[in-house]
Amino acid sequence: MTVRVRIAPSPTGNLHIGTARTALFNWLYARRHGGTFILRIEDTDRERSREEYVQNILTGLQWLGLNFDEGPFFQTQRLSQYQAAVETLLARGLAYLCYCSEAELEALRQSQRAQKLAPRYDNRHRHLTPEQRAAYEAEGRRPVVRFRIEEPREVVWHDLVRGEIRWQTQDLGGDMVIARIEADGAIGLPLYNFAVVVDDLEMGITQVVRGEDHIANTAKQILLYEAFGATPPAFGHLPLILNAQGAKISKRDGATSVDEFRQMGFLPQAFTNYMVLLGWSPPDGQELFAIEQAAQQFDFDRVNKAGARFDWDKLDWINGQYLRVLPPADLLAAILPFWQAAGLADDDGPWLLDLVTLLGPGLTRLTAAVAAVYFADTVTFEDEALAIARDHRHLLADFAQVLAAANPQRVEDADALLKSFAKEQGVKKGALMRPLRCGLMGSLHGPDLLQSLMLLHRKGKAIPRLQGIPA
RNA sequence: GCCCCCAUCGUCUAGAGGCCUAGGACACAUCCCUUUCACGGAUGCGACACGGGUUCGAAUCCCGUUGGGGGUACCA
């Protein structure tokens, strides 16, 4: 059977890293088996769904390179299908109208809690007489549609990543609400567990792969498949991404939306590479690979069952690895938006390319910070660097003169110039480097000094800097 | 509370009963390279949660304990 998998985010927030990883694993599986990857937007929560989040999800998936083959489908555009499905269950006597009020249900839960029982719906409206129903209607109560959950019973499925999972229907919380009823009596918005089943069924989904937080839903959904007389798809539940404290990652943990990771300067290739590693490893133990490469080997039997903590250090390392092997032109293209956002601009292409080549090996993230000093007109000094530059301001001014006279164009020329200058001054070249770096860059550490010098000199910035050390 | 899932270095993981003196990666430490910081290279530190079984033999299988996580909606 052809593989058809999907990712079904709800647009109640920006594309979340957990959703992105689930999308990635589904994508990998689809690619591995030449299957179809489908995007479905689950927007039935009208209170919280927003159009801008839909856009964020779309652009986020695109940035990650997780292109989908079908969709996006929107649940709010499929209401008639859900209505028909509800009618079917109603007609078969597998679903019924429940008139309980919010207050009544709350009271029920409270008394259950008081008795140390698991809160659940007690199926009290499962067998209402026509008279009772009429009475509630006369009261003006608006019902909901509940699906009958047979008890006791055991639901078993073979999870793609966990193996056999068993669930007692008594632990499902009673007959579940599958849809609301409108004021005019029409069938209204479906609820999550119901809409998912209708959609997955109709879209011919063969493997439902989602986060571990959906395990309890799976039992309910299997019951629904049965009610429709359908064979359930295979299910797979991925471990969650945890924060440093070991809890499900959330806002407050630095970053959770894919967009934030982009803004922090991570490359999509590096980010997806890292996410794959969070729960899966290739048979050959390789750590750096493109997702296209991973797709050739991916399978759920190598997916870990335990949750994985998010590790910034490793993400940074991987990002650095990608940055290092990126051709200068690509690196420049990637980093330019960050520079521009920081107000660092120059239309000298070759110079920019040389700058990026110099900076590349030292970067862990795309950032404007280390580049700023090359663009600046005036140097921002660190305290210690300023002190050293001051102590050598005459020396640096002298060097500025020879620099002006010799006007070196290549690093080798600058190196020779520095050597002869050192000899002239009767100091070792090494002793010159530190003050020079301080005066030129305003800091004790940084990228290669000679190359930095040439980059600045080409822009006419080296000489004024060396002559203008603050007294 | 109840239900479900999980458990190898600090972190991500390899490990399908003997190949395990438990391997790799990140982080950390030291050294080398180097004008500095990075990068790179080398070395080191560092784990099978605990207790019972099963077996000639268990990180691997079973049970329990503990710990962690998830769920428990007219959210998704």
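Lettering follows sequence order; numbering is per chain, from 1.
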Does A/Gly430 or A/Leu117 map to a spot on RNA chain B nearer the 5' end, using the closest nucleotide for each? A/Leu117
Residue met sooner reading RNA chain B from 5', once A/Gln75 and A/Asp311 are mapped to nucleotides: A/Asp311
Can you name the one residue among A/Arg141, A/Arg133, A/Glu137, A/His125 that meets side-chain hydrogen bond (donor to acceptor under 3.5 Å, both in side chains) with A/Tyr99? A/Glu137
Paired with [N] by Watson-Crick or G-U wobble geometry, both distances under 3.5 Å: which nucleotide is it?
N: B/G64; value: B/C50
N: B/A42; value: B/U30
N: B/C2; value: B/G71

Is there aromatic stacking of A/His214 on B/G70 here, judged by a ring-centre distance under 5.5 Å and a plane angle under 30°? no
To the nearest Å, give me how far apart [atom1] ([X]) and [atom2] ([N]) are.
X: A/Leu108; N: B/G1; atom1: CG; atom2: C1'; result: 15 Å
X: A/Arg46; N: B/C74; atom1: CZ; atom2: P; result: 19 Å
X: A/Met176; N: B/C75; atom1: CE; atom2: C1'; result: 13 Å
X: A/Ile222; N: B/C4; atom1: CD1; atom2: C1'; result: 13 Å

Using the [atom1] atom in both, what is the distance from [N] to [M], to the nearest Å?
N: B/C28; M: B/G46; atom1: C1'; result: 10 Å
N: B/G18; M: B/A27; atom1: C1'; result: 34 Å
N: B/A14; M: B/A7; atom1: P; result: 11 Å
N: B/C20; M: B/C56; atom1: P; result: 23 Å

Mutual orientation of the aromatic rings belonging to A/Phe310 and A/Tyr274 [parallel < 30°, tilted 30-60°, perpendicular > 60°]: perpendicular
Parallel, tilted or perpendicular: ring planes of A/Tyr225 versus A/Phe235, cut at 30 and 60 degrees: perpendicular
How would you list all residue pairs meeting side-chain hydrogen bond (donor to acceptor under 3.5 Å, both in side chains) that involve residues 354-374 of chain A, not counting sequence neighbours? A/Asp316-A/Arg365, A/Asp354-A/Arg458, A/Tyr374-A/Ser452
Applying side-chain hydrogen bond (donor to acceptor under 3.5 Å, both in side chains), which residue pairs with at least one partner in residues 171-184 of chain A are found, sequence neighbours left out? A/Tyr96-A/Asp175, A/Arg126-A/Asp175
Near A/Asp284 CG, under 6.0 Å, is it more than 12 heavy atoms from other residues, nucleotides or ligands? yes
Given the rule in the side chain to side chain contact (heavy atoms under 4.5 Å, CB included) test, do A/Asp159 and A/Glu164 qualify, once you have shown the distances and angles that lead to the verdict? CA-CA 6 Å; A/Asp159 198 274; A/Glu164 194 171 88; over 6 Å; no
Which nucleotide in the list B/G70, B/C26, B/U11 gets nearest to the side chain of A/Arg309? B/U11
Give me the residues of residues 275-288 of chain A where at least one heavy atom lies under 4.0 Å from an atom of RNA chain B, by number, or none. A/Leu277, A/Leu278, A/Gly279, A/Ser281, A/Glu287
For A/Arg437, answer base if it contacts any base atom (sugar-phosphate contacts may also be present), sugar-phosphate if it contacts only those atoms, and nothing otherwise; contact means non-hydrogen atoms under 4.0 Å. base
What I want to check is whether an N or O donor and acceptor connect the side chain of A/Arg324 with the base of B/C39 at under 3.5 Å. no
Under 3.5 Å, is there any donor-acceptor pair linking the side chain of A/Asp43 to the base of B/A76? no
Look at A/Asn217 and B/C4 and indicate whether a side-chain polar atom (N or O) is within less than 4.0 Å of OP1 or OP2. no
If you compare every side-chain N and O of A/Arg166 against the phosphate oxygens of B/C4 (OP1, OP2), does one of them come in below 4.0 Å? no
When the aromatic ring centroids of A/Phe298 and A/Trp280 are compared, is their separation below 6.0 Å? yes
